[in-house]
Amino acid sequence: MKPVRLLFVCLGNICRSPLAEGVLRALAEKKGLAPALEVDSAGTGAWHIGDPPDRRSIEAARRHGIDISELRGRQVRPEDFRNFDLIFGMDENNVRTLKRLAPEGAAEKVRLFLDYASGRSEDVPDPYYEGPEAFEALYQMLDAGCSSLLVRFGERAS
Ligand code: 4NP
């Protein structure tokens with residue numbers, strides 16, 4: 001079966017979406033689902049192109065045994081709408097921007113992450129201006145969301 005190609009998108013591609021990418025990849029490996037998935041992340045904004053993830057996201061991942069330090073920021077590109085099967089906005093603002101950028105017919109690939117993953121129409125809030133505790137909460141939210149996502153894909157694959 002062809003792998004499902006997933007793109008996580010937030011504003012800067014340094015806090016939420018690279019952590020989501022790392023968490024999903026680690027969970028998929030643990031569950032033997034890695035060959036079924038291709039995962040990437042991007043930002044709607046251009047401020048952090050080429051930058052590593054925010055140190056607080058790197059540390060949150062590291063506390064849970066995941067290394068995201070090699071990831072680098074990039075901006076959403078037109079071909080992403082062709083190359084990915086699903087494009088997950090972390091919050092409603094990201095979803096709105098993505099739908100505006102989507103070419104004809106591609107807007108249905110754009111989904112609010114937690115809504116798709118677990119049926120909860122809820123944002124993954126931007127932690128950039130928050131304290132370090134927000135990054136542990138972010139990790140927990142992404143871990144739960146990515147686990148639900150894999151249950152969905154596991155059900156589909158079987
Ligand atoms: P992210 O967080 O969208 O989760 O990566 C942010 C990172 C940087 C900025 C905003 C949000 N910024 O304004 O530079």
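Note that ligands are numbered from 1 as they come in the structure, with each ligand's atoms numbered from 1 the same way. Only heavy atoms go into these numbers, but all of them, side chains included; no hydrogens, no water, no symmetry mates.
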Parallel, tilted or perpendicular: ring planes of F8 versus F88, cut at 30 and 60 degrees: tilted
Pair R63 + E59: basic N to acidic O under 4.0 Å: no
Is there any protein N/O under 3.5 Å from an N/O of ligand 1, and what does the full list of such pairs look like?
| unit_1 | atom_1 | unit_2 | atom_2 | d |
| --- | --- | --- | --- | --- |
| ligand 1 | 2 (O) | D126 | OD1 | 3.4 |
| ligand 1 | 3 (O) | L11 | N | 2.9 |
| ligand 1 | 3 (O) | G12 | N | 2.8 |
| ligand 1 | 3 (O) | R16 | NH2 | 2.9 |
| ligand 1 | 4 (O) | R16 | N | 2.9 |
| ligand 1 | 4 (O) | R16 | NE | 2.7 |
| ligand 1 | 5 (O) | G12 | N | 3.4 |
| ligand 1 | 5 (O) | N13 | N | 3.3 |
| ligand 1 | 5 (O) | I14 | N | 3.0 |
| ligand 1 | 5 (O) | C15 | N | 2.9 |
| ligand 1 | 14 (O) | H48 | NE2 | 2.9 |

With sequence neighbours excluded, residues passing side chain to side chain donor-acceptor pair (under 3.5 Å) with N83: none
Salt bridge R5-D40, side-chain N to carboxylate O under 4.0 Å: no
Pair R25 + E21, salt bridge at N-O below 4.0 Å: yes
Derivation of the side chain to side chain contact (heavy atoms under 4.5 Å, CB included) call for S147 and L27: CA-CA 7 Å; S147 298; L27 284 173; 3.6 Å; yes
